Each structure stands twice: as structure tokens, then as C-alpha cells.
> 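Take this structure, written in C-alpha cells, and hold onto it; I'll ask about it next.
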Amino acid sequence: MAKARRSSVQSYAAIYAAIQRVPRGKVCSYGGVAQLAKLPGRARLVGTALRNSPRSLRLPWHRIVQASGRLAFPIGSDPYRTQRRRLEREGVRFKSHRIDMQYYGWPASDVALDELLWGHRSR
DNA sequence: TGTATGACCCTGA
DNA sequence: CTCAGGGCCATAC
């Protein structure tokens, strides 16, 4: 069976929707967004989608960081400073160019992720 | 049509 | 901590 693959347009939509869900003051990794968009293993696509995202969507793009807690842009670069400023304005603290994902990461656990993916308490 | 390039990630050394 | 290797794959040229 060939893996059913959504068109990139559909994937982008799912990715943007996932990004919109990240709460203020929290951050999510590229891979995390991919999972939320039901595109596991495709973190790279999230970066691509973000890079090509229209300003009109007003996405909270700054809340997407690397799984390591570092920003994807080179330290000191213009976009790095912009993203960091926007995060700090929301209360996200940096420790030597790094964010504590245990503390600021969202969703907070695999269980929380499941609920987001499959809905609350299927029971 | 082939190759290169990335706003990535994980594992293992 | 760094580094390499393998996976991922839409885009650009």
C-alpha cells in the first residue's frame, strides 16, 4: 500500500491550523507542529510551510522553535532578534540562547497531544 | 529531469 | 557539548 499523501496545499493548511493553536507564552517544535497536523516525521515541511506563509494569516510563527529549544535562525541575525523579542514579550525566558522545553513546551505531554489529536476523553 | 538546499529531528559515538 | 549519518521532501534552478 502506498502511503496516502496529502497535497502540499492541504498539508500547509493543516500546519497553519496547528500553529494557530499554540498558546501565548508557550512554544512548540517544528516536529511537534507536524504531529499536530497529523504529518509525523515531516518537521522539515513545517519549516517550508512557515517560510512560504502569507503575512495575511497572522500566524504566531515566533512560537515555533527547534526541538532543542534553540531558534532556527542564526544567533544575532535579524530574524533571530525579532523572534526572541516577541517570545520574551510573552514571558518566555531564554537561558543562553536556549528555551526550557520542559517548561515552555506545548503540548506538555504525549497524553495532552493525544487529546488534541483525537478529542477530549473519548471514554 | 537531476541536483542542491533548507525556519527539522533523532540516534549514536 | 559536538559531529556524523539517515530520515524527511517541497522548492528552486
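Worth saying up front: this structure is predicted, and the values here are computed from it rather than measured. Every chain is numbered from 1, with letters handed out A, B, ... down the list of sequences.
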> So which of residues 15-26 of chain A are in contact with DNA chain C, with a heavy-atom cut-off of under 4.0 Å?
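Within residues 15-26 of chain A, no residue comes under 4.0 Å of DNA chain C.
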
> May I ask you to decide whether Arg63(A) forms a salt bridge with Glu90(A), counting only side-chain N to carboxylate O separations under 4.0 Å?
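Salt bridge present between Arg63(A) and Glu90(A).
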
> Starting at the 5' end of nucleotides 8-13 of chain B, put B wherever the base has a protein heavy atom under 4.0 Å, S where only the sugar-phosphate does, and a dash everywhere else.
BSS---

> What heavy-atom pair brings Leu36(A) and Ala18(A) nearest, and what distance separates the two atoms?
CB-CB, 3.8 Å

> Using modelled atom types only, decide if a donor and an acceptor are shared between the side chain of Arg6(A) and the backbone of Ser11(A) within a distance under 3.5 Å.
no

> Tell me whether Tyr30(A) contacts the main-chain N or O of Ala72(A) through its side chain, where contact means a donor paired with an acceptor under 3.5 Å.
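No; judged by distance alone, with no hydrogens or angles, the pair does not exist.
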
> What interatomic distance, in whole Å, is found between C1' of dA7(B) and the corresponding atom of dA4(C)?
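Comparing C1' positions in dA4(C) and dA7(B) gives a spacing of 22 Å.
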
> Are Phe73(A) and Arg81(A) close enough that some pair of their side-chain heavy atoms sits under 4.5 Å apart?
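No, every pair of side-chain atoms sits at 4.5 Å or beyond.
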
> In whole angstroms, how far is the P atom of dA7(B) from the CG atom of Leu59(A)?
17 Å

> Under a 3.5 Å distance rule, please check whether Arg70(A) uses its side chain to pair with a backbone N or O of Val65(A) as donor and acceptor.
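No; judged by distance alone, with no hydrogens or angles, the pair does not exist.
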
> Please write out the pairs of protein N or O atoms and N or O atoms of nucleotides 11-13 of chain C separated by less than 3.5 Å, giving the distance to one decimal.
from, atom 1, to, atom 2, distance (Å)
dT11(C), OP1, Tyr12(A), OH, 2.6

> Mind listing the closest non-hydrogen atom pair of Pro74(A) and Tyr80(A) along with its distance?
O-CB, 3.2 Å

> For Tyr104(A) versus Val92(A), what's the shortest heavy-atom pair and its separation?
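Shortest heavy-atom separation between Tyr104(A) and Val92(A) comes out as CE2-CA, 3.8 Å.
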
> Tell me whether Leu39(A) shares a hydrophobic cluster with Val9(A), the cluster being built from Ile, Leu, Val, Met, Phe, Trp, Tyr side chains joined at under 4.5 Å.
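Different clusters.
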
> Between Arg84(A) and Glu88(A), does any side-chain N to carboxylate O distance fall below 4.0 Å?
yes

> Between Arg70(A) and Arg42(A), name the one whose nearest nucleotide on DNA chain C is closer to the 5' end.
Arg70(A)

